[in-house]
Amino acid sequence: MISIVGNAKNAGKTTVLNTLIEAYQHDPIAITSIGLDGEMLDQITRLPKPRITVYPGMLVATAKDTLRQATADYDVIETLDISSALGPIVIVLVRSLGHMICAGPSQIRQLKKLVCRLKQMNLTKIFIDGAFARQQLSRLGDATILCVGASSAYQDDQVIQKSLTLIHKFSLPGLPMKYQNLPPVEEVVGLDEGGNILDLPFDSTISIQVETVKKIPVHTIKAIYFPHAVSESFCQAWLSQKKLHTIAWMIQSPSHLICSERTFEKLRQIDQSIFCQYPVHVVCVCYNPFRPNGEAMNSQWFYQELRSQIEYPVYNVLHPEVSYESIDSLS
């Protein structure tokens, strides 16, 4: 299962999805999305968008009402007990070449249910196109393609910085061996050298104050486990206390770190150790040098800036050389 995640609207996710669909058009594949995708005009900017091309034999999981705008022939093979603003989610078998709008579940728990069903259908691949604000879907995929675009900022250097921040965030490593059996708790807890649970002076990171983090016993606490999101206020309080910076963080996934790009970069600068219970398997980065207003960054410069600072393969979204071999090597 491959998820496609972007750092902004118009980062090129649909273009990448179409490239993948074309490459696997002769295989039994399925596509879905979290949110709405494949419409002719962007629902916010009202600018034209690339449409999702579908081929005979593939499955599409989408909201029933979107089928009115399909140009491909199809058969509805199943209606799921998953509702959306555009009707129930249905799975359709495509009968002819054409276009479809893909509007999958809007909630992660619903998407999990849909993915579970699709995995029972002997498919070669499942592709999930994600709304740019729904980066948490990446934890569902066996692999993730990150899309970064010139639309994320007005200044080219800011585009590079925003792109690198997303890539670094989604590259956070998995848990160290000694912490892989994390406790089934709902509150923030400390962990000692052996992974034993220790109490902390707080049980949530919401609206936390500097005076609270000062009370963390740095001599016994070696790591902190966050079963839920880590907030901006907690990060700011933590950054103010240098004595705490040797304590590692254990979070659910990269999307559970809810802080600004600037704050995340500050955490990187102090070498804060952050590990994920559900790390993301990034296979490549695709970049879109074009902005919706028609302006474009220098594609070669964009490529070189990314390639010089990350280890993943980097591709222009308009070029069809996505790393299929990397995807197929997944178990």
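With hydrogens and angles ignored, the 3.5 Å screen pairs a side-chain donor or acceptor of Q25 with a backbone N or O of E22. Proximity of a side-chain donor or acceptor of D192 to a complementary backbone N or O of T220 within less than 3.5 Å is not detected. At distances below 3.5 Å, at least one donor-acceptor pair connects side-chain atoms of S231 with backbone N or O atoms of T205. Here the side chain of T62 pairs a donor or acceptor atom with the backbone of A103 at under 3.5 angstrom. A donor-acceptor pair under 3.5 Å links the side-chain atoms of N288 to the main chain of N10, judged by distance alone. Here the side chain of D199 pairs no donor or acceptor atom with the backbone of V189 at under 3.5 angstrom. Formation of a donor-acceptor pair under 3.5 Å by the E232 side chain with backbone atoms of S260 is found in this model. The closest donor-acceptor contact from the side chain of T19 to the backbone of T15 lies under 3.5 Å. The main-chain N or O of L318 is found under 3.5 Å from a side-chain atom of N316 such that the two form a donor-acceptor pair. Judged by distance alone, the side chain of T212 and the main-chain N or O of I208 form no donor-acceptor pair under 3.5 Å.
Here the side chains of V213 and L244 are in contact, with some heavy-atom distance below 4.5 Å. Looking at heavy atoms from C-beta onward, F127 lies out of side-chain contact with M1 at the 4.5 angstrom threshold. Between I4 and C147, the closest side-chain pair of non-hydrogen atoms falls below 4.5 Å. Between Q155 and V159, every side-chain heavy-atom pair lies at or beyond the 4.5 Å cut-off. Looking at heavy atoms from C-beta onward, I270 lies in side-chain contact with L239 at the 4.5 angstrom threshold. The shortest distance between side-chain heavy atoms of K222 and Y179 falls below 4.5 Å. Between S84 and K64, the closest side-chain pair of non-hydrogen atoms is not below 4.5 Å. Using a 4.5 Å heavy-atom cutoff, the side chains of Y287 and L306 are in contact.
Note: C286 SG to L20 CG = 8.0 Å, rounded to the nearest 0.5 Å. Note that the NE2 atom of H256 and the NE2 atom of H228 stand 8.5 Å from one another [nearest 0.5 Å]. For the atom pair CG (D203) and CD (E186), the distance works out to 11.0 Å, reported to the nearest 0.5 Å. Rounding to the nearest 0.5 Å gives a distance of 5.0 Å between CG of L118 and CD1 of I126. With values rounded to the nearest 0.5 angstrom, D142 atom CG is found 9.0 Å from K125 atom NZ. Expressed to the nearest 0.5 Å, how far CG of L166 lies from OG of S152 amounts to 9.5 Å.
Checked by atom type, the side-chain pair Q277/S253 shows no donor-acceptor distance below 3.5 Å. Side-chain polar atoms of Y74 and S96 form no donor-acceptor pair below 3.5 angstrom. The closest side-chain donor-acceptor pair between Q252 and Y225 falls under 3.5 angstrom. No side-chain N or O of S204 forms a donor-acceptor pair with one of E187 less than 3.5 Å apart. For S233 and S207, the side-chain atoms include no donor-acceptor pair closer than 3.5 Å.
The number of heavy-atom neighbours closer than 6.0 Å to CD of Q180, taken from other residues, nucleotides and ligands shown, is above 12. Under a cut-off of 6.0 angstrom, the local environment of CD in E311 is sparse, with at most 12 non-hydrogen atoms contributed by other residues, nucleotides or ligands. Under a cut-off of 6.0 angstrom, the local environment of CG in D157 is crowded, with over 12 non-hydrogen atoms contributed by other residues, nucleotides or ligands.
A salt bridge links R291 to D156: one of the charged nitrogens lies within less than 4.0 Å of a carboxylate oxygen. The residues E265 and R268 are annotated as salt-bridged, a charged nitrogen and a carboxylate oxygen being separated by less than 4.0 angstrom. A salt bridge links D75 with R95; the closest basic N to acidic carboxylate O contact falls under 4.0 Å. The pair R117-E78 counts as a salt bridge, with a side-chain nitrogen and a carboxylate oxygen less than 4.0 angstrom apart.
No chain of hydrophobic side-chain contacts below 4.5 Å, direct or via other Ile, Leu, Val, Met, Phe, Trp or Tyr residues, connects I224 to I206. A chain of hydrophobic side-chain contacts below 4.5 Å, direct or via other Ile, Leu, Val, Met, Phe, Trp or Tyr residues, connects L200 to I251. Under the 4.5 Å side-chain heavy-atom criterion for ILVMFWY residues, a single connected hydrophobic cluster contains both Y55 and V16. Hydrophobic clustering places L80 together with L123 (ILVMFWY residues linked when any side-chain heavy atoms are closer than 4.5 Å, directly or through intermediates). In the hydrophobic cluster analysis, where Ile, Leu, Val, Met, Phe, Trp and Tyr join through side-chain heavy atoms closer than 4.5 angstrom, I197 is grouped together with L175.
What you find for K243 and K214 is that their closest heavy atoms are NZ-O, 3.4 Å. Among all heavy-atom pairs drawn from M58 and I31, the shortest one is CE-CG2, 3.7 Å. The shortest non-hydrogen separation linking A248 to M250 is CB-CE, 3.9 Å. Closest of all the heavy-atom pairs between Q300 and N298 is N-OD1, 3.1 Å. Taking each heavy atom of A8 and K13 in turn, the nearest pair found is O-NZ, 4.2 Å. The two residues G149 and N7 make their nearest non-hydrogen contact at N-OD1, 3.2 Å.
You'll find the ring centres of F226 and W249 inside the 6.0 Å limit.
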Does the pair T32 and L114 meet the rule for a side chain to side chain contact (heavy atoms under 4.5 Å, CB included), with working shown?
CA-CA 9 Å; T32 190; L114 169 58; 3.4 Å; yes
Carefully, step by step, assess T144 and I2 under the rule side chain to side chain contact (heavy atoms under 4.5 Å, CB included).
CA-CA 6 Å; T144 295; I2 316 300; over 6 Å; no
Set out, in order, the CA-CA distance, both residues' side-chain angles and the distance that settles side chain to side chain contact (heavy atoms under 4.5 Å, CB included) for I128 and V115, then state yes or no.
CA-CA 9 Å; I128 306 176; V115 166; 3.9 Å; yes
Checking Y315 against Y303 for the ring-ring contact (aromatic ring centres under 6.0 Å, His included) test, could you report, in this order, the C-alpha distance in whole Å, the side-chain angles of both residues, the deciding distance, and whether it holds?
CA-CA 8 Å; Y315 304 101; Y303 171 84; 8.4 Å; no
Do L257 and C235 pass the side chain to side chain contact (heavy atoms under 4.5 Å, CB included) test, and can you show the C-alpha distance, the side-chain angles, and the key distance before you say yes or no?
CA-CA 9 Å; L257 184 55; C235 293; 4.0 Å; yes
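Ring geometry for F234 against F202 counts as tilted: the plane angle lies between 30° and 60°, on a 0 to 90° scale.
Test K169, K266, K162 against E261 for side-chain hydrogen bond (donor to acceptor under 3.5 Å, both in side chains) and you get one pass: K162.
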